[in-house]
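Scope of the values below: all heavy atoms of this structure, side chains included, with no hydrogens, waters or symmetry mates. Whatever order the structure lists ligands and atoms in, that order sets their numbers, starting from 1.
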Amino acid sequence: ARAQIGVTGLAVMGRNLARNFARHGYTVAVHNRSYAKTQSLIEENGDDGDFVPSESMADFVASLERPRKVVIMVKAGGPTDAVIEELLPLLEEGDIVVDAGNAHFPDTIRRENALRERGLHFVGSGVSGGEEGALNGPSIMPGGTAKSYESLGPILEDISAKVDGVPCCTYIGPDGAGHFVKMVHNGIEYADMQLIAEAYDLLKQGLGASAAEIGKIFEEWNTGDLESFLIEITADVLQHVDAETGSAFVDIVLDQAEQKGTGRWTVQNGLDLGVPITGIAEATFARALSGGVPQRTAGAAALPANAGSFDVTDRDAFIEDVRQALYSSKVVAYSQGFDQIAAASAEFGWDVDRGAMARIWRGGCIIRARFLNRITEAYERDAHLPLLLADEYFTDAVGAGLAAWRRVVSQAALNGVPTPAFSSSLAYYDGVRAERLPAALIQAQRDFFGAHTYKRVDREGTFHTEWSADRSESAV
Ligand code: 6PG
């Protein structure tokens, strides 16, 4: 046994992770259900370093130094359970099994429990950065036991992305914590992408600009506060021309967004925990709306717009307004996502360090962005910040763009451009800053029709009013 780490599941992500380990000087055991993929890795990328290929799972496990560290990179759900089942009889006490796929965190909690009973460490780890990240440095979010991180952590930190020399990998917390934060990362990714798409739509409709022109605007934005991977690739995508038709590439792509489920899970969990992650929810529903072909066909045929049309006289001012609205909405989406992490951390006893989270998302991952430094700084100022938006940097930044944000959302509404994420983020902002909300009326209505009781602003206690009788109030 001489391999220091093993990877089973050699589709593109697993293969690239294995290559990344090898390039960092580790001897890497590699295995795949069909041996052809293992062979092709050795043939095509054998030069990356020291690989130990195995055809059978038994040989693969036997080729690993103890405590064994096995990284599973297969499809989430059934396929992951199947690999774990196959591995279990071959492993020994103290061995570490890492699930690096996009597992749903309740599955991770279940698997961690089951493996712990057998004396094994199960580490559900978020890995972000796509194919490129897996090969050249992803952002890594490992959960599981703190003990497992002692031997596994240094290896993962080694292959992770680095920002200012700091690894984009840190121990997140027990059992499902790693996969949970990866799930929220993806939820934020959905919100970020939707916000960018809305900005694009506004620029397109407001300026009548071509995709390439808008691409240039994004390129410019990428030199300021908005600098991020997603803005950068958006600039690139928008300037790409379809080879076959000569049209802007984005114009030939069918406008129905798909998803594999992490955004949906994030929203479901937001509902479970009662955390208003409205930006992520709107982004997820916007994908669903785009894919609802029968509804869209019926809507397009029947629904009048009765909307105005843009009359942009100052092009630069309009672009700057959209930029500000995008930045403010983005801050809201992240603030909501970080609130969700705080709520889950409290619920499941994970003790997730949100500042460290933001730090490891600065590089490697899909939502990597300059502005994550600001989030880390905010949690350095106050580790228990109840609302990221209320940190001084963000109150200033969002405050400065507030008028622009309001102009953009109202222009969009007046002119019939759907901006669910921009609009709901602004509504959230106004809701969370309101001193008094109409929730008082909801409580009164609930008491009226269902005797659901209410509390008063002027004294302690729970009350009910006899609505159908003399309307007297009693304490309950
Ligand atoms: C990442 C990505 C990655 C993947 C998503 C896409 O962090 O590297 O988030 O996990 O691209 O699964 O999700 P959808 O297919 O749901 O858009």
CA sep, side-chain torsions, deciding dist, call: Trp221, Ile196, side-chain contact (heavy atoms from CB on, under 4.5 Å): CA-CA 11 Å; Trp221 287 355; Ile196 290 172; over 6 Å; no
Protein heavy atom at shortest distance from atom 5 (C) of ligand 1: Asn186 ND2, 3.7 Å
Heavy-atom nearest neighbour in the protein, as seen from atom 12 (O) of ligand 1, with distance rounded to 0.1 Å: Asn102 ND2, 3.4 Å
Lys/Arg-Asp/Glu bridge criterion (N-O < 4.0 Å) met for Arg15, Glu44: yes
Residue pair Glu198 / Gln194, side-chain donor-acceptor N/O under 3.5 Å: yes
side-chain contact (heavy atoms from CB on, under 4.5 Å) between His179 and Asp107, intermediate numbers included: CA-CA 10 Å; His179 275 140; Asp107 287 339; over 6 Å; no
Salt-bridge criterion met for Arg296 and Asp255 (N-O under 4.0 Å): yes
Region of Glu131 that comes within reach of ligand 1 [heavy atoms, distance under 4.0 Å]: neither
side-chain contact (heavy atoms from CB on, under 4.5 Å) between Val181 and Phe105, worked out: CA-CA 9 Å; Val181 301; Phe105 79 97; over 6 Å; no
Contact check: Gly129 vs ligand 1, nitrogen or oxygen atoms, below 3.5 angstrom: yes
Shortest protein heavy-atom distance from atom 9 (O) of ligand 1, along with the residue and atom involved: Glu189 OE1, 2.6 Å
Salt-bridge contact Asp81-Arg110 (side-chain N to carboxylate O under 4.0 Å): yes
Identity and distance of the protein heavy atom lying nearest atom 7 (O) of ligand 1: Ser128 OG, 2.4 Å
Heteroatom proximity flag, Ile366 to ligand 1, N/O under 3.5 Å: no
Under-4.0 Å salt bridge between Lys216 and Glu219: yes
Heavy atom of the protein closest to atom 17 (O) of ligand 1 (residue, atom name, distance): Arg287 NH1, 2.8 Å
Which of the ligand 1 atoms, numbered from 1, are nearer than 4.0 Å to a heavy atom of Lys260: 12 (O), 14 (P), 15 (O), 16 (O)
Within-shell test, Gly130 vs ligand 1, heavy atom, strictly < 4.0 Å: yes
Sub-3.5 Å N/O-N/O distance, Tyr190 and ligand 1: yes
Atoms in ligand 1 flagged as close to His185, the criterion being non-hydrogen separation under 4.0 Å: 7 (O)
